[in-house]
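Count residues from 1 along the sequence.
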Amino acid sequence: MTSDRSLMCFADLWPGMSRRMVLFFVALMVFSMLPAASYGAVPDEVTLPGAQAFMLESPETGRDYLIQVSVPDAPPPDTGYPVLYLLDGNAYLPLMQVARDTVTRESPSEAGNPLLIVAIGYPDADRFAFEQRAADYTPPGAARNRAEGQHGGATRFLAFINTRLKPEIARRFQVDPDKEALFGHSFGGLFVTHVLMTAPESFERYIAISPSLWWYGDDPLRALSEYDLAVDTEVGVAPRLLIGVGSLEQTPGESERGTPKAEVRRSRAMVDNVGLMAEWLDSLHPDWDIQAKSFPGENHGSVMWPAARRAVEFLQQDSNVVRGQ
């Protein structure tokens, strides 16, 4: 406690100041000398509820992956959790977890969606690991690939998912191997289409949002037609595809008009390519369930907001759903 003698000393410095004001300035001086950590410390990072994380090494790609798993509130069904493998996991896990936990609930007291979300990401990346994803998500032989190692690693990355990641998830959780889905956006969507075309038995459902089909070159369908499309899937497991794009993705914005960026946006034909691929696959594989969706008013970045909701609804649909719904 400050003594009267001390207060008198301070009062001598500021003649005419009341005792209350002297006490106020003394307290202010003491507070300003406290360590900054006592009132300005950065709080600990927030952890998503129900999320677990571990590192997994891949001899196939030669890199390590940050695997984050969002475990649902609901218990696993008798057959095990359905699983969503989510690309760009660093960026999109929070969005997909919120979508899963809210879209199918009418009230907070209702049972949640039993979907297990496995987010595949990279260590030391806040959101996107641009070099790593460019190497992992792009197909070998694509027209716009550069030197080996920078692009063209999709086959190796799929091998990692099928031979390393899936068994590790099955070891840690009770999962249903017949209900596995793959979800990717942009380059991630490109990878989803590559897996669908080359190894459709890998997953039951595929979600490709804004796939970068332009990476195949000026005529993506011609490049895709070179895949061995005669590969038959097992009876009863014909894959299902949700392919979507924002309606504004090939329309230059106000600030882009008359610039080289506007021409690049038009030439990539994001909207046109998605529509053409959906029609092509539908005619080629009438036994597949192909659902195409344009998200009105959305661009390449904002499209993931409504797409997350649509993805959860797509994953909730019964396997015998009428095509085109």
Would you say [X] and [Y] make side-chain contact, with heavy atoms under 4.5 Å?
X      : Y      : answer
Tyr206 : Thr193 : no
Val274 : Met270 : no
Leu241 : Trp288 : no
Pro72  : Tyr81  : yes
Trp280 : His285 : no
Trp215 : Arg268 : no
Asp64  : Leu56  : no
Phe160 : Pro59  : no

Next on the checklist: Could you check, using the six-membered ring where one of them is a Trp, whether Phe191 and Phe157 have ring centers closer than 6.0 angstrom?
Outcome noted: yes
Least distance between heavy atoms, [X] atom then [Y] atom:
X      : Y      : answer
Gly244 : Pro211 : O-CD, 3.8 Å
Ser202 : Glu180 : O-OE1, 3.8 Å
Pro114 : Pro82  : O-CD, 3.4 Å
Ala135 : Thr138 : O-OG1, 3.8 Å
Pro140 : His194 : CD-CE1, 3.9 Å
Thr251 : Ser247 : OG1-O, 4.2 Å

Once you round to the nearest 0.5 Å, how far does [atom1] of [X] lie from [atom2] of [Y]?
X      : Y      : atom1 : atom2 : answer
Glu204 : Leu315 : CD    : CG    : 8.5 Å
Leu196 : Arg205 : CG    : CZ    : 14.0 Å
Glu279 : Ile290 : CD    : CD1   : 12.0 Å
Gln97  : Leu86  : CD    : CG    : 11.0 Å
Asp287 : Asp282 : CG    : CG    : 10.0 Å
Ile207 : Met96  : CD1   : CE    : 6.5 Å

Is a side-chain donor or acceptor of [X] paired with a backbone partner of [Y] at a separation under 3.5 angstrom?
X      : Y      : answer
Arg172 : Pro167 : no
Asn145 : Pro139 : yes
Glu263 : Pro260 : no
Asn90  : Ala125 : yes
His151 : Arg146 : yes
Arg100 : Ser70  : yes
Ser58  : Arg63  : no
Gln250 : Val271 : yes

Checklist entry - Is it the case that more than 12 heavy atoms not belonging to Glu131 sit under 6.0 Å from its CD atom? => result no
Checklist entry - Do Leu221 and Tyr216 pass the side-chain contact (heavy atoms from CB on, under 4.5 Å) test, and can you show the C-alpha distance, the side-chain angles, and the key distance before you say yes or no? => result CA-CA 9 Å; Leu221 291 188; Tyr216 283 111; over 6 Å; no
Checklist entry - Step by step, would you call Phe183 with Tyr85 a ring-ring contact (aromatic ring centres under 6.0 Å, His included)? => result CA-CA 6 Å; Phe183 185 179; Tyr85 288 89; over 10 Å; no
Checklist entry - In terms of hydrophobic clusters joined by side-chain contacts under 4.5 Å, are Val312 and Trp305 together? => result yes
Item to check | Derivation of the salt bridge (charged side-chain N to carboxylate O under 4.0 Å, His left out) call for Lys261 and Glu256 | outcome: CA-CA 6 Å; Lys261 189 173 181 179; Glu256 297 174 340; 3.6 Å; yes
Next on the checklist: Against the six-membered ring of Tyr65, is Arg164 placed for a cation-pi contact (under 6.0 Å from the centre, within 45° of the normal)?
Outcome noted: no
Item to check | side chain to side chain donor-acceptor pair (under 3.5 Å): pairs with one or both residues in residues 293-302, sequence neighbours excluded | outcome: Ser186-His300, Glu249-His300, Glu298-Ser302, Asn299-Ser302
Checklist entry - Can you list the residues that meet the ring pair (Phe, Tyr, Trp, His ring centres under 6.0 Å) rule with Trp214, with sequence neighbours excluded? => result none
Checklist entry - What's the verdict on side-chain contact (heavy atoms from CB on, under 4.5 Å) for Asn113 and Gln316, showing C-alpha distance, side-chain angles and the deciding distance? => result CA-CA 9 Å; Asn113 186 329; Gln316 285 286 101; 3.1 Å; yes
Next on the checklist: For Ile161 and Phe203: C-alpha separation, side-chain torsions, deciding distance, then whether side-chain contact (heavy atoms from CB on, under 4.5 Å) applies.
Outcome noted: CA-CA 11 Å; Ile161 294 175; Phe203 298 90; 4.0 Å; yes
Next on the checklist: Using the rule side-chain contact (heavy atoms from CB on, under 4.5 Å), only one of Val245, Leu276, Asn273 pairs with Leu213; which is it?
Outcome noted: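 Among Val245, Leu276, Asn273, the one that satisfies the side-chain contact (heavy atoms from CB on, under 4.5 Å) with Leu213 is Asn273.
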Checklist entry - Looking only at side chains, do Arg240 and Gln317 share a donor and an acceptor under 3.5 Å apart? => result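 Yes.
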Checklist entry - Gln291 and Arg310: side-chain donor and acceptor closer than 3.5 Å? => result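 Yes - a donor-acceptor pair under 3.5 Å links their side chains.
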Item to check | Connected hydrophobic set around Leu66, excluding itself, where side chains approach under 4.5 Å | outcome: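 So far as hydrophobic clustering goes, Leu66 is joined with Met55.
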Checklist entry - Can you pull the ring-ring contact (aromatic ring centres under 6.0 Å, His included) pairs that have at least one residue in residues 90-121, sequence neighbours excluded? => result Tyr92-Phe128, Tyr92-His185
Next on the checklist: Working note: Glu313 + Arg309, criterion salt bridge (charged side-chain N to carboxylate O under 4.0 Å, His left out); need CA distance, chi angles, decisive distance, verdict.
Outcome noted: CA-CA 6 Å; Glu313 294 170 343; Arg309 173 176 183 149; 3.2 Å; yes
Next on the checklist: Using the rule side-chain hydrogen bond (donor to acceptor under 3.5 Å, both in side chains), only one of Asn162, Thr163, Thr155 pairs with Glu60; which is it?
Outcome noted: Thr163
Next on the checklist: Applying salt bridge (charged side-chain N to carboxylate O under 4.0 Å, His left out) as the test, list every pair that has at least one member in residues 76-89; sequence neighbours left out.
Outcome noted: Asp88-Arg133
Next on the checklist: Taking Asp218 first and then Arg144, would you say they form a salt bridge - that is, a charged N and a carboxylate O separated by under 4.0 Å?
Outcome noted: yes
Checklist entry - Would you call Arg222 and Glu226 a salt bridge, taking side-chain N to carboxylate O under 4.0 Å as the test? => result no
Side-chain donor-acceptor distances from residues 115-123 under 3.5 Å, at least two apart:
unit_1	atom_1	unit_2	atom_2	d
Tyr122	OH	Asp136	OD2	2.7

Item to check | Chi angles and distances behind the side-chain contact (heavy atoms from CB on, under 4.5 Å) call for Leu165, Ile169 | outcome: CA-CA 6 Å; Leu165 180 56; Ile169 294 300; 3.9 Å; yes
